[in-house]
Each structure stands twice: as structure tokens, then as C-alpha cells.
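First comes the structure, then the notes that go with it.
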Amino acid sequence: MDQMINVALPKGRLGEKVYAMFEKAGFECPSIKENNRKLIFENPEAGVRYFWVKPSDVAIYVERGAADIGVAGKDILLEYQPEIYEILDLDIGKCRMAVAAKKDFCDDVRKTLKVATKFSRITKNYYASLGRDIDVIHLNGSIEIAPILGLSDVIVDIVETGTTLKENDLEVIETIVPISARLIANKASTKFKADLIARITQSLAQQTEAARQ
Ligand code: PRP
């Protein structure tokens, strides 16, 4: 095998699903299932090298060419707008970006709305499109606490099952955008490893299509 493909996988349950899809596409790497704390795995026979990276970092590896391809959530792509090609919607890791608030929340449009979020750009763009003045409070996690403690009026966050909101007496007010996992590629790799990337994309697209039926 002359060319190796470098794949950044998001660490966690989604990444395991994604690996299973790559395996099915013929890019198996049995050592990855040994479940140790190693982060890089390769199978020279199959011409593939995998890295487990933090889900929000996948696009950075791909943008800078440390990985040729990877899988990232649409939330991360919208928020950081990395210079990559988004080549396929894998239709997994589905959730939505939503505005949520305490159940008794009543919006006063005359006041600047305080919004806590990890997704500042998505938040700013969304409220700009509504012409609404906001004060963005950027947090790094446990966003749900902000309205409870009066730090913010609402939050903008990922909602999957809705359990986290429910457990914290919050509810969705608006859905901003549906989210799912996307196959992304480095721009130069798309030229120099075009055939390999096309092969992978085709198989993943077939698997995605079959799963939809
Ligand atoms: C996300 C999000 C919510 C939760 C929603 O957090 O921020 O807290 O998932 O999922 P649910 O609707 O199924 O309850 P994540 O676990 O990705 O990590 P974070 O706490 O670092 O944001």
C-alpha cells in the first residue's frame, strides 16, 4: 500500500460507530479495539492510521492536514468554520442546537437578552438574524446551570434526548438548527488522495443510505 490515509475520529460513542463504518469500508484496524489508552492506531496493510481526538478538535487536525479526513459534528463546523471540505452527512450523532429556558421564562423584548452558551458564533448569528440584542456569556460546559442561577435568561446548547434539560427544569423554546455528524476532508488531501477519499466516501454513503431504509 503506497498511500496511507490519516483519519481523526471523535473520541467516544460516536467515534466507535464511525470506526465500525470505516471497518466495513475495508479500512479495518483490529488493534483499535484493544481498549487501552493509546490514541494512535495503524494498519499498514489496509493503508490506514486512526487518531482518537477530542470531538471538538477533529476539524483542527483536518484543517491543518495532520489528518486527511475526520468526522465532526455540524455544530463544531458552524461554530468554528474551519477551512475544510464537508463531504458527507453521515446521518448519525443526530441532535439539535436549541434555545432553552426555565419553564416560567417570559421574554421581555425591550431588554437585552442574556444568553449562556459554548457556541458563541452560532448564538450571535442566530439572534442577529432575528434583529435581537443579546449579551453572550461564553461558558465551557454545564450550561444548563446558568438560567437556574440567574447568570443568563436563556441558553443555546445541544439537545439530544432532552434529559439534561428536563432534569434541570428547563425546556426548549426554539430550535436553531438540526445537527449530525459530517465526514470532512483536508483541502490538499482531497487532491492528493482523491481516489482513496472517494472510495471511503462512496462506502460510507452506501452505508448511510442503507441505514436510512
Ligand atoms: C451535551 C449538551 C447537553 C447534553 C444534551 O453535553 O451540552 O448538556 O449533551 O443531551 P441530552 O439532551 O441527551 O440530555 P455533552 O455531554 O456533549 O458535553 P458538555 O457537558 O461538555 O457540553
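Note that ligands are numbered from 1 as they come in the structure, with each ligand's atoms numbered from 1 the same way. Just so it is clear, the values below take in all heavy atoms, side chains as well, and ignore hydrogens, waters and symmetry mates.
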May I ask you to list the atoms of ligand 1 that are less than 4.0 angstrom from any heavy atom of [X]?
X      : value
Thr163 : 12 (O), 14 (O)
Gly162 : 11 (P), 12 (O), 13 (O)
Val159 : 12 (O)

Geometric class of the Phe51/Tyr61 ring pair [parallel <30°, tilted 30-60°, perpendicular >60°]: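 Correct class here is tilted.
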Within reach of ligand 1, part of Thr161 (heavy-atom separation under 4.0 Å):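 Within the 4.0 Å criterion, Thr161 contacts ligand 1 through backbone and side-chain atoms alike.
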How close does the nearest protein non-hydrogen atom get to [atom], and which residue and atom is it?
atom                    : answer
atom 20 (O) of ligand 1 : Ser142 N, 4.3 Å
atom 7 (O) of ligand 1  : Asp157 OD2, 2.8 Å
atom 5 (C) of ligand 1  : Ile158 O, 3.4 Å
atom 17 (O) of ligand 1 : Lys118 NZ, 4.9 Å
atom 3 (C) of ligand 1  : Glu144 OE2, 3.3 Å
atom 4 (C) of ligand 1  : Thr164 OG1, 3.7 Å

Sub-4.0 Å heavy-atom approach of Glu167 to ligand 1: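 The answer is no, since Glu167 has no heavy atom less than 4.0 Å from ligand 1.
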CD1-NZ distance between Ile76 and Lys54, expressed to the nearest 0.5 angstrom: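 Atom-to-atom, Ile76:CD1 and Lys54:NZ are 9.0 Å apart.
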Nearest-0.5 Å distance that lies between atom CD in Gln207 and atom CE in Met21: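 Nearest 0.5 Å value for the CD-CE distance: 4.5 Å.
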Candidate list Phe27, Trp52, Tyr50, test ring-ring contact (aromatic ring centres under 6.0 Å, His included), partner Tyr19, passing option: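 With Tyr19 as partner, Phe27, Trp52, Tyr50 yield a single ring-ring contact (aromatic ring centres under 6.0 Å, His included), made by Tyr50.
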Any protein heavy atom < 4.0 Å from atom 15 (P) of ligand 1: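 So atom 15 (P) of ligand 1 lacks protein heavy-atom neighbours under 4.0 Å.
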Under 3.5 Å, side-chain donor or acceptor atoms of residues 138-152 against the rest of the protein: list the pairs with distances, not counting sequence neighbours.
{"unit_1": "His138", "atom_1": "ND1", "unit_2": "Ser120", "atom_2": "OG", "d": "2.6"}
{"unit_1": "Ser152", "atom_1": "OG", "unit_2": "Val154", "atom_2": "O", "d": "2.9"}

Lys NZ or Arg CZ of Lys38 over Phe41 ring: under 6.0 Å, within 45°: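 Flagged: Lys38 positioned over aromatic ring of Phe41.
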Salt bridge (charged side-chain N to carboxylate O under 4.0 Å, His left out) partners of residues 3-32, not counting sequence neighbours, each pair once: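 Qualifying pairs, neighbours excluded: Glu23-Lys33.
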Pairing of Asp89 and Arg182 as salt bridge, 4.0 angstrom limit: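 So Asp89 pairs with Arg182 through a salt bridge.
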